[in-house]
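To start, the structure under review is shown below, and the notes come after it.
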Amino acid sequence: MSKLTLAEEALRRRTFAIIAHPDAGKTTLTEHILLSGGAIRAAGAVRARGENRRTRSDWMKIEKERGISVSASVMTFEHDGKMFNLLDTPGHEDFSEDTYRTLTAADCAIMVLDAAKGIEPQTLKLFEVCRLRDIPIITFINKLDREAQDPMTLLDDIASRLQLDPAPIWWPAESGNRLRGMVELGTGRFQPYARKVPGAAEDAGHPDALPLADAGQYFEAGEQQALTEALELVEGGYPAFDRQSFLEGHLTPVLWGSALRHFGIDQLLAAIGDWAPAPKSLPALRVEGRGSRGEKASGGGKEDLSTLDPRPSTLVDPASPEVTGFVFKVQANMDPNHRDRIAMFRMASGSFRRGMKLKVQNTGKSLSVNAPIMFFASDRELAEDAYAGDVIGIPNHGVLRVGDSLSESGLIRFAGLPNFAPEILQRVRVKDPLKAKHLKKALDGLAEEGVTQLFRPEIGADFIVGAVGQLQFEVMADRLGEEYGLEVIFEPSPYAEARWIMPVEGGDKADVEDFMSKYRGQMARDLDQAPVFLAKSSWETGYVMERFPKVAFTKTRERG
Ligand code: GDP
């Protein structure tokens, strides 16, 4: 057991994610952060770990074939007295939903930009999610070893397109072949860059930092003087780092480097350790009573649409003794021989001990967590204890779902894990009609994991599957085959959009019921039995919204 108090344990946690447009260098940076943190000994280990996983799990063939990563995981390491939890997010845009959910579990994000490309479309999208969730952002401008855009252009882009004040912590001395190193603003410390010597077997690392005035040996004629002059402009032209402003999401410290050449990585890790927030108090509801998940709507779906009777919202302090938290991801069938599911549980408070009993707020079910897993960068290990900010994997057989809140009392409910309206809706059939029965179970399983969404129309026996991107269907077909032995066919469905429906604020559920009775043929239920309207076109969505002003048609639904 820890000698530190609960508050001290929470304070030394840094739970963060890396966001980047594909190819900006997220995987490489992850690896080099782990290297800097002493969690791995050689670069290549992250990929190697991936290879192991792939041999264990066939569906990840897709990852391999396409060179993309479809499953987010977490890597924990201890460095410099702090515990770092790095949440890995998939980069491909079809999996952005998964990424969004993972970001709900992060307290800070590292935004990686390619120095030649600056802000790219996916950077923007991910940034928006961080802003929505008030997640502070540290910027890392990568690939300085290649020809880069002018640093001021890159910073101005951050200011104008993200409405975020860039506070450069270091300033690069050129890029590509002329990259000499970088200077720390304020202190004038110069960190030289050692170019890779062609043919050298191993990198010797980069020379130690020294005062810029003493660093003449690293420059060619005139360069040092020009840099010193440029720094005056830079120091006057950009805001100095202000932690409060950073935590409030107004300012981003900007660091530079080359992930591939392990340049600027120690500095980045130090910045995360020093500045990224420890877990903060999270808003939650203290709920008496229970949800109705899993209880089938009877009589053709006439279900009480009113929600629970929540007590006034509370703030859960990370140092409060009760273990609380939420599931932000479920990873299933990592090992096809055991139908295991691992729920990724982000702790919000308390001191977790192995063997502890936790209750699921939504269902009231309780489970003993006897074999929790901590994802240490090197390997999986059994977690003996864990604190606010930590992520533990809880093996279970479908009891835990994305968005579930767990606590000792079973009364705490965290909000904010949305389902997103899918952008593609398809009908799914199984080739062998004798296996139709198995299909539902398999589809339920994948939907519970959040791979795809499942809608059961009120009329008929169809399964409508929704996804944010086409690739999700491919992953799904692959997994249905490999894990459930089901060969399926996807067919176009008549639907273009799905919208959850509920009364508008101050509205009446009778209005919703009226709408549902008029559009019975286009009504469906999601996995939680919540009513969903399947529209044939976006025009139709607009039309019903206008005609039924007392019904809200929403693109997201928060589970709970
Ligand atoms: P991800 O898609 O964001 O995970 O990007 P990766 O880490 O897979 O990197 C994409 C490509 O950029 C790979 O070929 C990397 O070797 C390369 N790369 C990553 N970081 C750097 C860097 O600092 N310098 C250079 N020159 N290449 C890099």
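Indexing begins at 1, ligand by ligand and atom by atom, following the structure's order.
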I'd like to check which ligand 1 atoms, numbered from 1 as shown, lie under 4.0 Å from a non-hydrogen atom of [X].
X: Ser258; result: 22 (C), 23 (O), 24 (N)
X: Arg146; result: 26 (N), 27 (N)
X: Asp145; result: 22 (C), 23 (O), 24 (N), 25 (C), 26 (N)
X: Gly25; result: 1 (P), 3 (O), 5 (O), 6 (P), 7 (O), 9 (O), 19 (C)

Task: Flag, side chain of Arg261 to backbone of Ala194, donor-acceptor distance under 3.5 Å - done: yes

- [ ] Mark yes or no for whether Thr153, through its side chain, and Gln149, through its backbone, hold a donor-acceptor pair below 3.5 Å.
- [x] no

TODO: Report yes if the distance between the aromatic ring centroids of Trp275 and Phe241 is under 6.0 Å, otherwise no.
DONE: yes

- [ ] Could you tell me if the ring centre of Phe219 sits under 6.0 Å from that of Phe190?
- [x] yes

Open item on the list: Checking the N or O distance criterion of under 3.5 Å, is ligand 1 in contact with Ala259?
Closed with: yes

Open item on the list: When you compare ligand 1 with Ala20, is there at least one nitrogen or oxygen pair between them that comes in under 3.5 angstrom?
Closed with: no

Open item on the list: Hydrogens and angles aside, do Asp114 and Asn142 bring a side-chain donor and acceptor to less than 3.5 Å of each other?
Closed with: no

Open item on the list: Using a 4.0 Å heavy-atom cut-off, which part of Thr28 comes near ligand 1: side chain, backbone, both, or neither?
Closed with: both

TODO: Nearest heavy atom to atom 28 (C) of ligand 1 wins, so pick from Lys143, Lys26, His32.
DONE: Lys143

Open item on the list: Measuring from atom CG of Leu443 to atom CG of Leu480, what distance do you get when rounded to the nearest 0.5 angstrom?
Closed with: 6.0 Å

